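The model shown is predicted, which means the values in this text are computed figures rather than measured ones. Protein chains get the first letters and strands the later ones, always in sequence-line order, with residue 1 at the start of each. Any value given below was found using the heavy atoms of this structure, including those in side chains, with hydrogens, waters and symmetry copies removed.
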2 protein chains.
Amino acid sequence: MDTKDLCLGVLTLGDASGYDIRKQLEQTFAHFMEISSSGIYPALKQLALQGLVTSTTIPQQGKPNKIVYSLTDGGRRALGLALAESDGRHKVQSEMLVMMFYAGLAPPEKLKSVLLARAAELEGYTAATKAWRDSDAVDQATPGQRFLAGYALAVMEAESKFLRSHVDDLIDEVEQDKSAIASSDAKKG
Amino acid sequence: MDTKDLCLGVLTLGDASGYDIRKQLEQTFAHFMEISSSGIYPALKQLALQGLVTSTTIPQQGKPNKIVYSLTDGGRRALGLALAESDGRHKVQSEMLVMMFYAGLAPPEKLKSVLLARAAELEGYTAATKAWRDSDAVDQATPGQRFLAGYALAVMEAESKFLRSHVDDLIDEVEQDKSAIASSDAKKG
DNA sequence: CATATCATGTAACCGGTTACATGATTCC
DNA sequence: GGAATCATGTAACCGGTTACATGATATG
């Protein structure tokens with residue numbers, strides 16, 4: 001499940017240029033599968049060589065020519081295979097949570113700003129997902145996409161609620177701990 | 001925030017060998033910050049060279065000598081700096097969710113097994129976290145660690161509840177979709 | 001008898017990330 | 001005038017992952 005598979009995936013939604021794929025990947029996939037955009041163009045070239053996509057070059061003025069890719073039957077099969085072979089691993093890499101584990105070593109204002117930024121981010125995603133769910137677009141979505149939206153809403157709301165209701169307590173406790181340690185240090189020294 | 005910083009972090013909890021750190025990182029950190037174990041030993045050597053840790057070699061019989069590392073003041077400062085400089089990014093890389101997005105392309109039994117395995121995994125973590133929260137160990141934990149446990153419980157319970165209550169519906173819908181497509185293909189063909 | 005635990009490490013590979021390069025048009 | 005959008009790419013680096021190597025003791 002690498003950059004190439006992700007490109008194949010986006011192409012199941014319709015023909016697209018590298019730029020289109022990049023936007024799609026940044027806007028809707030980045031929440032659960034991030035890749036770096038510069039890897040997309042080489043990946044598409046390789047896919048073309050392997051016959052998993054075909055490409056059509058559209059001349060442009062003042063910009064590089066647009067190259068529109070289409071999924072081939074082989075490409076669709078390759079994606080199906082990649083999905084069937086995937087172990088479905090769900091991996092979190094969170095510097096935020098590492099920071100929380102070592103909260104006593106970081107500046108309290110830093111903790112607060114990171115947590116509140118995360119809460120705001122989640123609330124933004126939540127609002128966007130709800131808007132989508134209540135729009136006409138949802139009727140054309142697949143069962144999997146609707147499931148994913150429901151999953152995202154459930155998890156994001158739980159997370160942002162927890163953050164909003166516990167951030168201040170955490171900051172208070174961290175600051176109390178710090179002053180307690182400082183005063184016991186003063187006694188010793 | 002790389003392997004070296006994570007090692008420094010574990011050493012704030014007390015002196016430890018590479019093996020100890022590895023276990024700690026696999027058992028309690030892996031849920032939110034995964035690194036590969038083989039990177040730990042070179043990382044510790046580098047940290048020793050930089051003076052961020054000191055090491056004591058303890059002779060062993062029938063095994064490689066044990067090397068116990070201790071955090072220096074410089075190491076503690078370096079970790080503080082790493083935390084202060086971190087943007088606290090929370091990143092999810094989930095093949096599971098990609099599979100859900102393209103649910104129509106994957107075998108339904110596969111979807112089901114991946115989702116149920118995830119639910120079971122979450123329930124295991126949840127039970128372990130609750131057991132910790134209700135044990136004596138929690139009294140020695142820092143505010144940050146208690147916050148992290150509360151966060152984990154809130155998020156994991158929301159996720160497993162959603163999965164348990166929606167998996168069957170998803171599988172049904174995917175199968176209905178498949179047979180609908182198959183019959184419309186039959187009409188065409 | 002086989003597997004898990006303890007305990008450390010090396011070497012090579014490969015893929016992702018970063019930084020760079022170009023340039024017209026449109027919006028604030 | 002500056003930033004954002006459209007549109008594609010290359011080159012180098014670096015770090016993480018995989019696979020491998022060793023071997024005793026305890027547990028089932």
Side-chain angles (χ1 to χ4, degrees), chain A residues 1-8 10-11 15-27 29-30 33-50 53 55-69 82 85-87 89 91-95 98, chain B residues 1-8 10-11 15-27 29-30 33-50 53 55-69 82 85-87 89 91-95 98:
Chain A
M1 187 78 77
D2 55 6
T3 304
K4 281 191 286 184
D5 294 323
L6 269 282
C7 290
L8 289 177
V10 174
L11 289 173
D15 295 354
S17 67
Y19 191 77
D20 296 334
I21 293 174
R22 186 181 133 191
K23 276 190 307 177
Q24 185 78 19
L25 253 21
E26 279 168 359
Q27 283 162 19
F29 280 67
M33 184 58 91
E34 209 172 316
I35 60 164
S36 69
S37 353
S38 66
I40 291 172
Y41 297 105
L44 286 167
K45 280 193 174 169
Q46 266 192 276
L47 288 171
L49 280 176
Q50 294 176 263
V53 302
S55 66
T56 313
T57 301
I58 298 171
Q60 304 267 115
Q61 297 165 326
K63 320 175 200 181
N65 289 335
K66 183 189 281 196
I67 306 172
V68 175
Y69 294 90
E85 277 177 348
S86 162
D87 56 4
R89 218 173 90 170
K91 186 169 146 185
V92 176
Q93 297 278 109
S94 175
E95 302 205 352
V98 175
Chain B
M1 187 79 77
D2 55 5
T3 304
K4 280 191 285 185
D5 294 324
L6 269 281
C7 290
L8 288 178
V10 174
L11 288 173
D15 296 354
S17 66
Y19 190 77
D20 295 333
I21 293 174
R22 185 181 134 191
K23 274 189 308 176
Q24 186 77 18
L25 253 20
E26 279 168 359
Q27 283 163 19
F29 279 68
M33 185 56 91
E34 208 173 315
I35 60 165
S36 69
S37 355
S38 66
I40 291 171
Y41 297 105
L44 286 168
K45 279 192 174 169
Q46 268 193 275
L47 288 171
L49 279 175
Q50 294 175 264
V53 300
S55 66
T56 312
T57 302
I58 297 171
Q60 303 268 117
Q61 297 165 326
K63 322 174 198 182
N65 290 335
K66 183 190 280 196
I67 306 173
V68 175
Y69 294 91
E85 278 178 347
S86 163
D87 56 2
R89 220 173 89 171
K91 186 169 148 186
V92 176
Q93 297 277 111
S94 175
E95 303 204 353
V98 175

Note down the inter-axis angle between the two ends of the helix from C:dC1-D:dG28 to C:dC28-D:dG1, five pairs each, to the nearest 10°.
60°
Spacing of B:Ile67 atom CD1 relative to C:dA7 atom P, expressed in whole Å
12 Å
Could you state the OH-P distance from A:Tyr69 to D:dA7, rounded to the nearest angstrom?
14 Å
Do side-chain atoms of B:Asp15 reach the backbone of B:Val68 as a donor and acceptor pair under 3.5 angstrom?
no
I want to check something: taking the side chain as every heavy atom from C-beta on, are B:Leu8 and B:Val53 in contact at a cut-off of under 4.5 Å?
yes
Which residues pass the ring-ring contact (aromatic ring centres under 6.0 Å, His included) test with A:Phe29, not counting sequence neighbours?
A:Phe32, B:Phe101
For residues 33-50 of chain A, run the donor-acceptor check on the side chains, cut-off 3.5 Å, and write out each pair with its distance to 0.1 Å, sequence neighbours left out.
| from | atom 1 | to | atom 2 | distance (Å) |
| --- | --- | --- | --- | --- |
| A:Glu34 | OE2 | B:Arg89 | NH2 | 3.1 |
| A:Ser37 | OG | A:Glu26 | OE2 | 3.2 |
| A:Gln50 | OE1 | A:Lys4 | NZ | 3.4 |

Given D:dA7, D:dC6, C:dC6, which nucleotide is nearest the side-chain atoms of B:Tyr19?
C:dC6
With sequence neighbours left out, write down each residue that passes side chain to side chain donor-acceptor pair (under 3.5 Å) with B:Gln93, or none if nothing qualifies.
none
Using a 4.0 Å cut-off on protein heavy atoms (strictly under), produce a 5'-to-3' string for nucleotides 14-28 of chain D with B for base contact, S for backbone-only sugar-phosphate contact, and - for none.
--SBBB---BS----
5'-most contact on DNA chain C: B:Lys23 or B:Pro42, nearest heavy atom basis?
B:Lys23
Quick one: side-chain contact (heavy atoms from CB on, under 4.5 Å) partners of A:Ala82, sequence neighbours excluded?
A:Asp5
Rounded to whole angstroms, how far apart are CG on B:Asp20 and P on C:dT5?
15 Å
Output the rounded distance in Å from CD (A:Gln60) to P (D:dT5).
18 Å
